[in-house]
Amino acid sequence: MTQPLVALADANSFFASCERVFDPLLADKPVVVLSNNDGCVVARSAEAKRLGIREGAPWFTIREKALRQGVTARSSNYELYASLSARMMSVMNRFMPGQEIYSIDECFLSPTTDVQETIDTATTMRNAVLTGVGIPVSVGIAPTKTLAKVANHWAKNHPSSGGVSLWSDIEAKYGDTALAQIPVGDIWGVGRRLTKKLQAMGIVTALDLQHQNPALMRHRFSVTLERTILELNGVPCIKGDASANDGKRKTEILCSRMFSTPITDQFEMEQALSVYAQKACRRLRRQSSLCSHVSVFCATSPFGPENSYDSFHATTTLRDPSDDPLVITKAACNAIRGNLDPHARYVRAGVLLLDLQDTKNFSPLPGFEATRDIHNLGEVIDKANSRFGTSHVGIGYGGIRGRGRNNEDSGASWMMRREMLSNRCTTRWDEMAVAHAD
DNA sequence: TCTGGGGTCCTAGGACCC
DNA sequence: TCTGGGGTCCTAGGACCC
């Protein structure tokens with residue numbers, strides 16, 4: 001009997017690879033991409049990894065040395081990454097059915113049970129993405145998602161694989177030593193805390209974990225770990241919702257940011273929150289949902305002196321489910337009024353929309369539609385901003401264009417710092433790549 | 001000076017019901 | 001002395017993912 005297969009296609013150092021697409025001089029050079037506010041390293045090219053730069057390293061602690069070593073650092077350019085991701089996904093979708101987009105840079109696919117055909121298709125697909133989009137991807141093929149992750153990792157670390165690895169080949173060739181080489185913490189679903197507990201029990205490698213009794217481990221830890229163990233043994237038990245990609249609605253929407261400089265007064269905090277509330281609200285409308293609860297939080301730095309950490313959190317229930325930016329922004333701002341510590345230096349805040357429901361499933365009784373966006377204000381704002389560029393129209397002062405890059409942000413002191421931003425070549429006319437011929 | 005953002009799933013425990 | 005038990009729903013928080 002042939003077992004169904006699952007393929008995991010995952011871009012190599014995705015953000016760093018995106019930076020190279022329109023800047024060929026970066027090929028073969030160490031490249032790192034930084035988080036918002038140019039805070040810490042979120043992506044590293046293979047060359048940067050080889051220099052020992054760790055994921056999550058605060059940029060200011062490694063900056064000097066990295067620059068000396070010839071590392072190029074870029075601010076994260078999510079607009080560019082999202083656009084290249086969409087291209088990459090659509091190319092791959094042509095080669096194999098059942099695409100389930102798992103994150104910005106990876107997707108699961110359902111190949112045929114014919115092993116050789118699957119390997120050939122995966123190889124063709126990989127080349128098509130490389131030549132068509134310019135992004136290198138690796139493909140792992142296995143009977144379960146967890147093993148496909150392992151095989152994908154293998155493909156990345158073994159150049160001789162040509163970027164495509166089949167789990168049964170690895171197993172046939174290396175036997176138990178393949179899993180014995182992998183630290184248990186590298187397995188999908190095993191995070192930092194779990195790793196510590198497992199290590200204390202002498203479960204150190206993926207092979208150790210594979211040999212555990214699933215039922216016992218479920219009792220001791222959780223059903224999630226039981227599934228991971230079964231999957232390592234070739235029993236598929238992590239469900240996918242492949243066909244649901246398009247219709248998949250978020251169950252909560254969060255917009256939060258660190259500030260580049262701390263906020264200490266309520267007026268400024270309200271401006272920040274109104275920007276985040278409007279961004280969240282826009283995403284809410286884009287998926288045709290209404291929310292019933294608006295949650296707001298702000299916090300001081302967790303890296304400050306001992307016991308100085310302070311945070312505030314409040315949730316407001318709307319009278320009726322709403323997608324009206326006025327209603328939601330007001331709810332967010334009201335939540336903090338009179339509740340901030342006047343001496344605190346807040347470095348982070350966010351707006352969380354909860355209890356979402358499909359707009360068309362909500363029909364208020366006649367006369368009770370007051371909190372719906374009856375003027376279509378949200379739609380008007382969305383249209384204006386997508387026609388003229390973001391931050392041209394909004395509620396409050398915080399989100400309106402001003403002194404920032406391309407006049408797109410307000411220039412408020414707390415606004416995000418992105419000093420090494422590349423061009424958004426695929427989404428802005430005025431930032432398109434230019435080719436020179438000599 | 002300077003440490004990201006956005007999500008999902010699972011569990012434990014309390015409230016409530018009959 | 002002895003003070004039900006089982007089910008469901010909700011929420012907060014932990015853990016994980018990229």
Side-chain angles (χ1 to χ4, degrees), chain A residues 8 10-15 32-44 54-64 66 73 75-78 81-82 85 100-108 145-146 149 152-153 184-198 218-228 237-241 244 248-262 276 279-280 283-284 287 292-293 295 297 299-304 309 311 313 315 317 345 347-356 413-414 416-420:
Chain A
L8 173 68
D10 188 326
N12 302 355
S13 315
F14 182 57
F15 294 173
V32 299
V33 177
L34 306 178
S35 64
N36 283 341
N37 285 319
D38 298 336
C40 48
V41 175
V42 290
R44 307 153 295 158
R54 282 194 337 243
E55 173 151 26
W59 177 235
F60 75 92
T61 63
I62 59 162
R63 182 168 172 273
E64 216 168 301
S75 305
S76 38
N77 185 346
Y78 288 104
Y81 310 152
S85 168
E100 181 199 336
I101 297 171
Y102 179 70
S103 73
I104 192 163
D105 75 327
E106 62 188 300
C107 65
F108 290 104
K145 287 184 170 176
T146 305
K149 280 265 186 188
N152 186 285
H153 223 72
V184 71
D186 285 2
I187 294 299
W188 188 42
V190 180
R192 264 210 333 274
R193 316 233 167 188
L194 205 48
T195 302
K196 262 197 179 155
K197 291 182 194 165
L198 293 174
R218 173 188 186 137
H219 188 68
R220 181 138 193 192
F221 294 95
S222 71
V223 63
T224 333
L225 187 60
E226 179 189 35
R227 286 181 195 146
T228 300
C237 42
I238 297 178
K239 293 266 175 297
D241 21 20
K248 212 192 281 175
R249 285 195 163 78
K250 312 243 177 270
T251 59
E252 57 186 59
I253 291 173
L254 168 71
C255 181
S256 79
R257 294 282 184 282
M258 304 274 306
F259 307 131
S260 52
T261 53
Y276 305 158
K279 279 186 204 283
R283 277 188 246 154
L284 183 71
Q287 68 163 27
S292 302
H293 297 283
S295 199
F297 63 89
T300 63
S301 171
F303 302 102
Y309 181 72
S311 68
H313 177 230
T315 303
T317 302
R345 292 161 56 79
V347 300
R348 173 189 167 86
V351 173
L352 181 60
L353 307 183
L354 294 161
D355 203 356
L356 310 190
S413 60
W414 46 269
M416 208 197 299
R417 182 169 47 235
R418 294 200 290 181
E419 285 167 358
M420 297 162 281

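Proteins get letters first, then strands, A, B, ... in listed order; numbering begins at 1 in each.
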Whole angstrom is fine here: how far is it from NZ in A/K250 over to C1' in B/dC9?
-> 15 Å
Phosphate-side-chain proximity, A/S256 and B/dG6, N/O vs OP1/OP2 below 4.0 Å = yes
At under 4.0 Å, does any side-chain N or O of A/K149 touch on OP1 or OP2 of C/dC18?
-> yes
Atom pair distance, as rounded to whole Å: CZ in A/F297 and P in B/dG7 = 11 Å
Any sub-3.5 Å donor-acceptor pair from A/S301's side-chain atoms to A/F303's backbone N or O?
-> yes
Does A/C40 offer a backbone N or O that forms a donor-acceptor pair with the side chain of A/S35 under 3.5 Å?
-> yes
Whole-angstrom distance between C/dC18 and B/dT3, as gauged at atom P = 25 Å
Do we get A/K145 above A/F108's six-membered ring, with its NZ or CZ under 6.0 Å from the centre and within 45° of the axis?
-> yes
B/dC10: pairing nucleotide in any strand, Watson-Crick or G-U under 3.5 angstrom | C/dG13
Taken to the nearest whole Å, CG/A/L34 to P/B/dG4 is 11 Å
Does NE2 belonging to A/H313 count more than 12 external heavy atoms closer than 6.0 Å?
-> yes
Think A/T251 has a side-chain N or O under 4.0 angstrom from the OP1 or OP2 of B/dT8?
-> yes
Whole Å only: how far is the CG atom of A/N37 from the P atom of B/dT3?
-> 8 Å
Against the side chain of A/S222, the closest entry in B/dC2, B/dG6, B/dT11 is B/dT11
Check every strand shown and say whether A/W59 touches a base, only sugar-phosphate, or nothing at a heavy-atom separation below 4.0 Å.
-> nothing
Take the protein atom CD of A/E106 and the nucleotide atom C1' of C/dC16, then report the distance between them rounded to whole Å.
-> 13 Å
What does A/I187 touch in the nucleic acid at a heavy-atom separation under 4.0 angstrom: a base, only the sugar-phosphate, or nothing?
-> sugar-phosphate
Kindly indicate whether the side chain of A/W59, heavy atoms from C-beta on, has any atom under 4.5 Å from the side chain of A/V32.
-> yes
When the distance from CG of A/L225 to C1' of C/dC17 is rounded to whole Å, what number comes out?
-> 15 Å
What nucleotide among B/dC10, C/dC18, B/dG7 has an atom nearest to a side-chain atom of A/R227?
-> B/dC10
Side chain of A/K197 (C-beta onward), nearest among C/dA15, C/dC18, B/dG5 | C/dA15
For the pair made of CG in A/N36 and P in B/dC2, what is the distance, rounded to whole Å?
-> 17 Å
pi-stack flag for A/F303 and B/dT3, centroid dist under 5.5 Å, interplanar under 30° = yes
Judged by nearest nucleotide, the residue sitting upstream toward the 5' end of DNA chain B, A/T224 or A/F60, is A/F60
Do the ring planes of A/W188 and A/Y102 sit parallel (below 30°), tilted (30 to 60°) or perpendicular (above 60°)?
-> perpendicular
Atom pair distance, as rounded to whole Å: NZ in A/K279 and P in B/dG6 | 9 Å
Would you indicate, yes or no, if B/dG6 has its OP1 or OP2 atom less than 4.0 angstrom from a side-chain nitrogen or oxygen of A/R257?
-> yes
Any A/R283 side-chain N or O less than 4.0 Å from OP1/OP2 of B/dG7 = yes
Of the candidate nucleotides B/dG7, B/dT3, C/dC18, which contains the atom at the shortest distance from the side chain of A/S103?
-> C/dC18
Picking from B/dG6, B/dT11, C/dC17, the nucleotide nearest the side-chain atoms of A/V223 would be B/dT11
Indicate, with a heavy-atom threshold strictly under 4.0 Å, whether A/I253 touches base, sugar-phosphate, or nothing.
-> sugar-phosphate
Across the strands shown, which category fits A/L194 at heavy-atom distances under 4.0 angstrom: base, sugar-phosphate, nothing?
-> sugar-phosphate
Sugar-phosphate only, base, or nothing, as touched by A/R192 at under 4.0 Å among non-hydrogen atoms = sugar-phosphate
Option passing side-chain hydrogen bond (donor to acceptor under 3.5 Å, both in side chains) with A/S75 (candidates A/N37, A/D38, A/N36) = A/D38
